[in-house]
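One structure below.
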Number of protein chains: 2
Amino acid sequence: MDLSPGTLDTLFQALADPTRRTMLERLAKGPASVSDLAAPLEMTLPAALDHVRRLEAAGLVATEKQGRVRIARLVAARYAPVTTWLDAQRAMWEARLDRFERFAVRQRDANTESKDTRDD
Amino acid sequence: MDLSPGTLDTLFQALADPTRRTMLERLAKGPASVSDLAAPLEMTLPAALDHVRRLEAAGLVATEKQGRVRIARLVAARYAPVTTWLDAQRAMWEARLDRFERFAVRQRDANTESKDTRDD
DNA sequence: GTGTTACTTAAGCCCTGACTTAACTATTGG
DNA sequence: CCAATAGTTAAGTCAGGGCTTAAGTAACAC
């Protein structure tokens, strides 16, 4: 598994945890401290920090220390590889459907050939 | 973690493994047997079968036994929760950007008030 | 300067994930 | 029937994930 930031592996893995998705949802509304993120999650600070670090490692989040508090903010642009992959999947699937449809039409035409002239 | 099929948890987790993504890419082109899927991955059959099972548990794939071979096919529609979540994230992010922009414009107008009358 | 706050590190625990080999079972082709 | 094929189950290894508590450290607030 490639664990460099911004890869599909790290991104999907970062998104696979509900706690981290909750954090991302929170951060989409604006920056927050680690405590802010931990509070609604009923979780100790070390655990929350670990998740933040993981999001940061994935490249989805950037953090900055201001005095004694660490502020995290979303880097939304980094979802790109994920959406790109999903789009590519959809494209492949649709290409296949198209091929299948042409095949089905050919079959139908072969079956109904010179029987009638359809216009549906 | 909710492990029922079709949930964000199971979907993202299923997608987090490169082996499984490769399988999905292959299946987007059409159905395949477990051996077909295992072959290019340099992996024993039990391991491949395990991945197929996991994709099936996530709801992304359906399988059917034909004689002694198990055929897997993609159920592309099941990506929906993932794309929906990503779209929602983007929407939240953009709503925030809009608010920020309005704020910035207000600041600019406050700063330049009665200095000039802009028309950009 | 002393206590509180906000993180940080370290250690450890338990469970799951991704494999492997070995030993079946169920088809199928000669 | 018999051997090869395709999958399946069982068992075990090994690494990592998600948490905890306990013990720091650094910045503030008085």
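Numbered from 1 within each chain, the chains take letters A, B, ... in sequence-line order. Side chains included, hydrogens not; waters and symmetry mates left out as well; all remaining heavy atoms used.
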Starting at the 5' end of DNA chain D and moving along, which residue's nearest nucleotide shows up first, A:Pro46 or B:Val34?
B:Val34
Side chain of A:Arg73, backbone of A:Ala62: donor and acceptor closer than 3.5 Å?
no
Is the phosphate of D:dG18, meaning OP1 or OP2, less than 4.0 Å from a side-chain N or O of A:Thr44?
no
What are the two closest non-hydrogen atoms of B:Pro31 and B:Ile71, and how far apart are they?
CB-CG2, 3.8 Å
Separation of D:dG16 P from A:Arg54 CZ (nearest whole Å):
11 Å
So how far is it from B:Asp36 CG to B:Arg26 CZ, rounded to the nearest 0.5 Å?
6.0 Å
Between D:dA6 atom P and B:Glu64 atom CD, what is the distance in whole Å?
18 Å
Starting at atom CG of B:Leu49, determine the distance to atom P of C:dG17, rounded to an integer number of angstrom.
15 Å
Under 4.0 angstrom between B:Arg70 side-chain N/O and D:dA6 OP1 or OP2:
no
Measure the spacing between CZ of B:Arg20 and CG of B:Leu60 and express it to the nearest 0.5 Å.
10.0 Å
A:Tyr79 vs B:Gln89 side-chain heavy atoms within contact, under 4.5 Å
yes
Is the shortest side-chain N/O distance from B:Lys65 to OP1 or OP2 of D:dA6 below 4.0 Å?
no
Under 4.0 angstrom between A:Arg20 side-chain N/O and D:dG18 OP1 or OP2:
yes
Rounding to a whole Å, what distance do you find between B:Met43:CE and C:dT21:C1'?
15 Å
When rounded to the nearest 0.5 Å, the distance separating CE of A:Met43 from CG of A:Leu37 is 11.0 Å
Just say parallel, tilted or perpendicular for the rings of B:Phe12 and A:Phe12, cut-offs at 30° and 60°.
tilted
Taking the side chain of B:Leu45 as heavy atoms from C-beta outward, which of D:dA6, C:dT8, D:dG17 is closest to it?
D:dA6
May I ask you to evaluate whether A:His51 reaches the phosphate of D:dG17, defined as a side-chain N or O under 4.0 Å from OP1 or OP2?
no
Taking CZ from A:Phe12 and C1' from D:dG16, how many angstroms apart are they, rounded to a whole number?
20 Å
What contact category does A:Asp17 fall into here, base, sugar-phosphate, or nothing, at under 4.0 angstrom with non-hydrogen atoms?
sugar-phosphate
Produce the list of close N/O pairs, under 3.5 Å, pairing protein atoms with atoms of nucleotides 24-30 of chain C; give distances to one decimal.
residue: C:dT27; atom: O2; partner: B:Arg68; partner atom: NH1; Å: 2.7

Can you check the A:Leu55 CG to D:dG17 C1' distance for me, whole Å?
14 Å
In whole angstroms, the gap separating P of D:dG18 from CG of B:Asp9 amounts to 11 Å
Given atom CG of B:Asp36 and atom P of D:dT5, what is their separation to the nearest angstrom?
15 Å
Under the side-chain hydrogen bond (donor to acceptor under 3.5 Å, both in side chains) test, residues paired with B:Thr63 that sit two or more places apart:
B:Glu56, B:Arg70
Examine C:dT9: is either OP1 or OP2 under 4.0 Å from a nitrogen or oxygen in the side chain of A:Arg53? Give yes or no.
yes
Check every atom of C:dT20, C:dA18, C:dA6 against the side chain of B:Ala47 and return the nucleotide holding the closest atom.
C:dT20
